[in-house]
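To keep things clear, I will list the structure first and then write my remarks on it.
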Amino acid sequence: MIHQDIELTEAQKILKEEILGKLSRHYGRTLEDATDAHIYKAAALCVRDVIMERWIQYRRQQRKTQNKEVFYLSFEFLMGRALGNNLLNLELTKDYDQVLKSMGLSLYEIEDKEADAGLGNGGLGRLAACFLDSLTTLELPAFGCSIRYEYGLFKQRIVDGEQVELPDNWLNDGNMWEIAAPEESMIVRFGGKVFTESTDSGMSVRYEDTTNIVGIPYDMPICGYKSNIVNTLRLWSARAEKDLDISAFSEGELMKAVEDKAMAESISKVLYPEDSNPEGKALRLRQQYFFVSCTLQWMIQRFKRHHNGDLSKLSELVAVHINDTHPAIAVPEMMRILMDEEGMGWDEAWDITTKIFAYTNHTIMSEALEKWPMDLFMRLLPRIWMITVEINRRLQIRLEEAYGNDIGKINYMLIIANGYVNMANLCLASCHKVNGVSKLHTDILQNDVFRDYYNLNPEKFVAITNGITYRRWVRLANPELSDLITKTIGKGWETNCEELKALAPFADDAAFREQFAKVKLEKKKQLAKYIQENNGIEVDPNSIFDVQVKRLHEYKRQLLNILHIMYLYDRIKHNPKVEIHPHTFIFGAKAARAYTRAKLIIKLINDVAKMVNNDPDVNGRIKVVFIENYGVSLAQMIIPAAEISEQISTAGLEASGTGNMKFMANGALTVGTLDGANVEMSECVGIDNIFIFGMNTPEVKSALQYGRPAPQDIYASNSDIRRVLEMLIDGTVSGNKTYYDLYQSLLFGDRSGCADRYMVVRDFESYVHIHQIIDKAYRAQDEWQKKAVLNVAYSGFFSSDRTISEYNEKVWRLNKYKKPKNGK
Ligand code: 26Q
């Protein structure tokens with residue numbers, strides 16, 4: 001880019017000098033020999049300086065006022081990039097943009113040099129990241145706590161249509177946003193033997209032969225929008241306790257010591273890439289206990305430091321949140337610390353623990369509920385096992401009082417049963433609040449999965465519908481739309497998304513709709529350019545952009561989507577003149593490494609893409625694009641360009657969904673089932689402005705129970721489906737029997753039992769039908785744009801600011817930070 005003559009304000013001139021100063025002092029470069037990566041780092045250092053000042057002041061004040069804090073424990077924080085977000089939150093975007101322009105650079109390209117912090121798989125991890133943004137924006141004191149994975153979620157490449165996983169070495173080039181705090185390291189014990197002994201001053205616990213691991217914390221500052229506070233994401237990194245004593249070892253011993261050290265440090269090496277598919281792997285349990293134990297030990301130490309060693313106000317001043325069961329081991333660990341380290345008796349420790357902890361459930365699929373083999377648990381965490389046994393024993397007494405000798409029910413509710421430790425039951429038995437992530441999901445928890453616990457303690461259950469941060473998902477991802485909104489209804493929506501409702505009347509304003517449509521077209525062009533550069537596929541920005549981006553899972557039904565595309569293709573082949581509005585189908589999805597069928601679906605999508613995109617009969621009317629390596633930063637580019645958002649999970653199985661909300665906020669229309677938060681989206685926007693299809697939750701339940709309607713009957717009676725399923729195995733898509741597994745699972749079932757477990761065959765006709773309606777609706781552009789505007793206008797409920805306010809009212813009860821008057 002050429003230097004532009006830009007008039008800089010005084011403040012901007014100073015900023016420019018600061019950036020150049022960082023460049024020379026930290027990297028020994030001048031503007032002439034600096035790369036974009038250097039500039040990124042120099043800019044990040046300048047932003048850090050601003051953050052540090054606020055961080056220090058906030059923490060000082062927080063120590064003084066003894067304000068309550070929440071510790072949000074999550075195995076995943078899918079943060080994405082920080083620079084753009086921090087600039088936005090600190091209201092510095094314009095200054096940096098101008099200064100970089102004056103240096104002949106583009107902020108957009110500089111931001112692109114930052115690696116995504118991909119410390120999460122999907123929705124659950126991204127939700128945790130959105131929550132930190134909202135907590136800080138609402139000025140609620142919070143810590144996010146997790147593991148500093150050296151490798152985030154794998155990088156995905158598509159080679160010959162198939163997923164290949166590559167390591168995501170996100171720390172390779174350093175992390176500009178973290179600060180190590182080795183002086184606050186913690187020690188965590190694994191394995192060995194435990195002896196409890198009664199002494200005069202109570203019980204004492206002695207350990208032998210444990211393997212000790214050191215946890216070193218790294219802190220990342222979290223800024224909120226126009227916020228006076230800076231919260232902290234604290235990530236723990238594992239180190240071996242002892243350094244290698246090179247001289248003392250014979251060669252054999254040396255190798256053994258090296259191995260032990262590597263073993264110890266493997267704990268924070270890599271994020272498990274499995275999503276909703278828990279395997280009882282020892283390393284995962286080690287990871288869980290490691291970060292939970294580090295976090296709670298540090299929390300208690302810090303509390304004592306701030307309260308002269310007095311723990312009596314602990315349950316008043318801290319809340320600990322368990323994000324799904326992954327950190328659930330925090331419950332017995334808290335009991336351990338309070339009893340073994342702080343000398344409390346069981347009842348006192350239990351009273352505090354149950355007041356502090358709350359738990360969010362994110363899935364009802366029974367195979368996704370975490371259970372640990374008893375013997376693994378016992379061997380790896382002997383003291384935690386003892387405590388869990390005691391929690392379970394006391395629970396059993398309570399359950400027998402409530403349910404007499406209904407052994408089946410009691411076993412279903414116990415923490416330890418049938419050789420497993422059931423982590424959801426541990427949470428249900430010990431947390432003071434349990435929540436689902438949408439209304440429907442909470443209903444299912446109460447009436448189905450956790451019914452017996454609900455009957456026992458109905459007051460524990462709350463419904464809190466998920467949300468997304470509009471800072472990242474609208475303002476950062478779609479500045480064009482944001483500017484248009486602000487120009488039209490003012491700035492109020494930036495801090496109160498409900499104000500987006502003021503846009504609704506503009507749906508009837510032709511001039512506004514025109515500008516709105518122009519923004520969408522611009523975002524489509526930007527995405528088309530990316531697709532051209534990365535996939536080598538030319539897509540028409542005037543075609544409908546129909547998008548499904550999310551983790552690949554059978555219940556999310558990417559298969560239904562691609563089968564429908566095969567159906568359209570087949571129609572065109574039989575009648576090349578058939579009227580179909582030009583359509584670009586866009587997919588992005590990572591599959592768990594070991595999830596063979598999910599990977600096969602990725603291959604199917606890519607094979608169909610190849611077939612459709614190159615067929616002269618299709619003549620560009622349908623294009624299929626698989627964007628590789630879908631993640632946060634790509635989502636920020638893809639979602640604003642979408643016109644149709646595919647949210648087509650089998651009803652009852654998607655706990656909430658949050659992608660659905662991001663699309664809605666960016667003016668895409670949803671095609672979806674009555675599942676998760678789709679239900680509430682349809683209530684907000686009105687049934688005329690969303691395309692709902694397929695079976696509802698009770699219908700799915702009954703179909704599963706009775707096997708009716710049977711997929712084979714549908715196959716026999718519906719020639720469209722028959723044709724599409726045959727295409728899977730007759731060599732149309734792939735020369736051989738590649739897709740027999742999919743065909744078989746849909747019609748005859750697999751090891752998991754029933755055929756068509758996810759209702760792909762049974763919802764197919766309804767899905768085809770709704771797409772015909774969509775095709776027609778899109779041609780009435782005015783009406784379409786009206787609907788799109790209304791989607792944005794009524795999306796405000798799905799702001800994570802609203803979600804966090806609800807958590808705070810119903811669960812945490814924190815007070816907003818009070819800024820000191822004199823600024824000291
Ligand atoms: C557990 C044990 C072992 C290995 C992996 C796992 C594991 C990892 C990740 C289990 C589950 C997950 C992730 C779940 C998840 O992302 N759930 C989604 O959470 C969103 C936020 O609430 C919801 O919107 C989605 O509906 C839900 O699928």
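Numbering of residues begins at 1 and proceeds along the displayed sequence. Note that ligands are numbered from 1 as they come in the structure, with each ligand's atoms numbered from 1 the same way.
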Ring centers of F626, F587 separated by less than 6.0 Å: no

Report yes if the distance between the aromatic ring centroids of F143 and Y72 is under 6.0 Å, otherwise no. no

If I apply the N/O under 3.5 Å rule, does [X] come out as touching ligand 1?
X	answer
S656	yes
E274	no
G657	yes

Of all the heavy atoms in [X], does at least one lie under 4.0 Å from an atom in ligand 1?
X	result
A368	no
V437	yes
K281	no

Counting only heavy atoms, tell me which of I364, D324, L124, N660 gets closest to atom 13 (C) of ligand 1. L124

Using a strict cut-off of less than 4.0 Å between a Lys/Arg side-chain nitrogen and an Asp/Glu carboxylate oxygen, indicate whether E628 and K590 qualify as a salt bridge. no

Are E654 and K556 close enough for a salt bridge, meaning some N to O gap below 4.0 Å? yes

Would you say that more than 12 heavy atoms from the other residues, nucleotides or ligands in this model lie under 6.0 Å from the OH of Y420, or not? no

List every atom of ligand 1 that sits less than 4.0 Å from any heavy atom of [X], numbering the atoms from 1 in the order shown and giving each element.
X	answer
A655	26 (O)
Y555	28 (O)
E654	25 (C), 26 (O), 27 (C), 28 (O)

May I ask you to identify, for [X], whether its side chain, its backbone, both or neither come under 4.0 Å of ligand 1 on a heavy-atom basis?
X	result
E76	side chain
N466	side chain
W372	neither

Donor on one side chain, acceptor on other, N435 and Y807, under 3.5 Å: yes

What's the spacing between E699 CD and L674 CG if we round to 0.5 Å? 9.5 Å

